[in-house]
Amino acid sequence: MAKDENKMSDEEVGERVTRLAFDGDRLRFREFLKKLEASLPEGTGVALRGSVVTNERWKDGKPFDAGGRGTSDLDVTLVGAEAMEYWDKDAFYIPGLHTKPLCDEDPAIAPGLNTLREELQELAGRPVNFQATSNVVLFARDVLFNEPYFMLIEPGKGS
């Protein structure tokens with residue numbers, strides 16, 4: 001069984017993310033972060049959610065990449081109102097607070113971010129999905145629904 005991310009330091013979770021998502025390649029992970037920072041509105045927070053954080057898929061409890069390298073996706077959550085402005089007005093689960101995912105199946109719901117998402121997919125060598133949310137929804141999902149996240153870029157922090 002994977003070590004519980006709630007009992008891990010941020011450094012340990014970061015190492016897990018690097019190992020799982022980037023084959024342990026810290027340089028590729030840094031490039032991923034730099035591309036996010038350079039391409040998003042200043043002050044946008046960025047979190048990773050899902051099996052890359054927990055090493056356990058929500059659907060079936062299997063480990064990250066259980067189907068082979070590159071088979072698990074990266075769920076990237078953008079935190080902040082400016083990031084949400086990229087989404088079409090009809091592409092929200094909770095208007096103004098939480099968007100639907102921008103992914104290969106629905107690339108037109110946030111066209112201004114899709115090129116970045118595709119570039120990150122190429123860099124990571126796996127699917128990347130974007131969602132935008134407010135701080136309160138991110139926190140509630142963690143606490144109420146046990147959907148942990150790992151902050152890559154804190155909201156309000158510039159490059």
Side-chain angles (χ1 to χ4, degrees), residues 1-37 39-40 44-79 83-84 86-87 91-94 97-111 113-135 137-155:
M1 182 173 186
K3 186 174 180 184
D4 182 353
E5 66 285 341
N6 293 317
K7 296 177 181 166
M8 296 170 67
S9 69
D10 283 349
E11 184 176 295
E12 289 175 307
V13 176
E15 287 296 322
R16 175 185 276 176
V17 166
T18 303
R19 178 175 46 83
L20 295 175
F22 299 95
D23 303 316
D25 186 338
R26 291 183 178 151
L27 180 59
R28 251 186 27 205
F29 185 35
R30 281 196 296 268
E31 287 178 38
F32 189 89
L33 288 173
K34 281 183 184 178
K35 191 170 275 297
L36 283 165
E37 284 182 317
S39 303
L40 296 171
T44 299
V46 180
L48 285 176
R49 294 183 33 264
S51 60
V52 74
V53 175
T54 64
N55 196 21
E56 187 175 295
R57 294 191 315 207
W58 175 80
K59 264 188 234 179
D60 56 18
K62 291 183 180 177
F64 187 83
D65 270 355
R69 195 215 168 284
T71 57
S72 289
D73 60 13
L74 296 181
D75 295 317
V76 177
T77 299
L78 309 179
V79 183
M84 283 188 255
Y86 283 97
W87 268 258
F92 282 79
Y93 288 127
I94 305 170
L97 292 177
H98 189 62
T99 69
K100 294 178 180 178
L102 170 63
C103 55
D104 286 341
E105 292 77 28
D106 207 356
I109 64 171
L113 286 176
N114 198 51
T115 299
L116 171 62
R117 186 187 66 81
E118 289 174 339
E119 290 171 357
L120 293 172
Q121 281 185 161
E122 188 170 320
L123 182 60
R126 64 181 63 254
V128 173
N129 306 313
F130 279 171
Q131 214 166 1
T133 196
S134 66
N135 265 322
V137 172
L138 186 66
F139 177 77
R141 289 181 76 175
D142 178 27
V143 173
L144 299 176
F145 302 111
N146 192 29
E147 295 180 359
Y149 60 91
F150 177 62
M151 289 306 297
L152 299 176
I153 302 168
E154 292 290 333

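As the structure is a computational prediction, the values presented were derived from the model and not from experiment. Nothing fancy with the numbering, it's 1 onward along the sequence. Heavy-atom basis, side chains included; hydrogens, waters and symmetry copies ignored.
When side chains are defined from C-beta on, Glu31 counts as touching Leu27, because their heavy atoms get closer than 4.5 Å. Between Gln121 and Asp73 there is no side-chain heavy-atom pair separated by less than 4.5 Å. In this structure, Ile94 and Phe92 have side chains that are not in contact, with every pair of non-hydrogen atoms separated by 4.5 Å or more. Contact of the Gln131 side chain with the Arg49 side chain is registered, since non-hydrogen atoms from C-beta on lie closer than 4.5 Å. Looking only at side-chain heavy atoms (C-beta outward), Asp25 and Thr18 stay at 4.5 Å or farther from each other. Residues Leu78 and Trp87 meet the side-chain proximity criterion, which asks for heavy atoms closer than 4.5 Å.
For the atom pair Lys35 NZ and Glu119 CD, the distance stands at 4.0 Å (nearest 0.5 Å). Rounding to the nearest 0.5 angstrom, the gap separating the OG1 atom in Thr44 from the CD1 atom in Ile153 is 8.5 Å. The CG atom of Leu152 sits 6.0 Å away from atom CZ of Phe150, with the distance rounded to the nearest 0.5 Å. Taken to the nearest 0.5 Å, the CZ atom of Arg57 stands 8.5 Å off from the CG atom of Asp65. Atom CG of Leu113 is separated from atom CD of Glu118 by 11.5 Å, given to the nearest 0.5 angstrom. With rounding to the nearest 0.5 angstrom, the CZ atom of Arg16 is 7.0 Å from the OG1 atom of Thr54.
Looking only at distances, a side-chain donor or acceptor of Thr133 sits under 3.5 Å from a matching main-chain atom of Leu97. A distance-only check finds no donor-acceptor pair linking the side chain of Ser39 to the backbone of Leu36 [under 3.5 Å].
Across all their heavy atoms, Pro107 and Asn114 have their closest contact at CB-ND2, 3.5 Å. The shortest heavy-atom contact between Arg28 and Phe22 is NH2-CA, 3.0 Å. Leu102 and Ala110 get closest at one heavy-atom pair: CD2-O, 3.8 Å. Ser134 approaches Val79 most closely through the heavy-atom pair C-CG1, 4.2 Å. Smallest separation of non-hydrogen atoms from Gly50 and Asp75: CA-OD2, 4.2 Å. The shortest non-hydrogen separation linking Ala91 to Ile109 is CB-CB, 3.7 Å.
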*May I have the step-by-step check of side chain to side chain contact (heavy atoms under 4.5 Å, CB included) for Val76 and Val46, ending in yes or no?*
CA-CA 7 Å; Val76 177; Val46 180; 3.7 Å; yes

*Between Arg26 and Glu15, is a salt bridge (Lys or Arg N to Asp or Glu O under 4.0 Å) present by the stated rule, with each step listed?*
CA-CA 9 Å; Arg26 291 183 178 151; Glu15 287 296 322; 2.9 Å; yes

*Step-by-step salt bridge (Lys or Arg N to Asp or Glu O under 4.0 Å) determination, Lys62 to Glu56*: CA-CA 5 Å; Lys62 291 183 180 177; Glu56 187 175 295; over 6 Å; no

_Is there a side chain to side chain contact (heavy atoms under 4.5 Å, CB included) between Thr99 and Tyr93? Walk through the geometry before answering._
CA-CA 5 Å; Thr99 69; Tyr93 288 127; over 6 Å; no

*Which is it for Arg126 and Phe64 under the side chain to side chain contact (heavy atoms under 4.5 Å, CB included) test, yes or no, and what are the steps along the way?*
CA-CA 12 Å; Arg126 64 181 63 254; Phe64 187 83; 3.4 Å; yes

*side chain to side chain contact (heavy atoms under 4.5 Å, CB included) assessment of Val17 paired with Phe29*: CA-CA 9 Å; Val17 166; Phe29 185 35; 3.9 Å; yes

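Other residues, nucleotides and ligands contribute over 12 non-hydrogen atoms within 6.0 Å of the CG atom of Asp60.
Using a 4.0 Å cut-off between charged nitrogen and carboxylate oxygen, Arg117 and Glu122 do not count as a salt-bridge pair.
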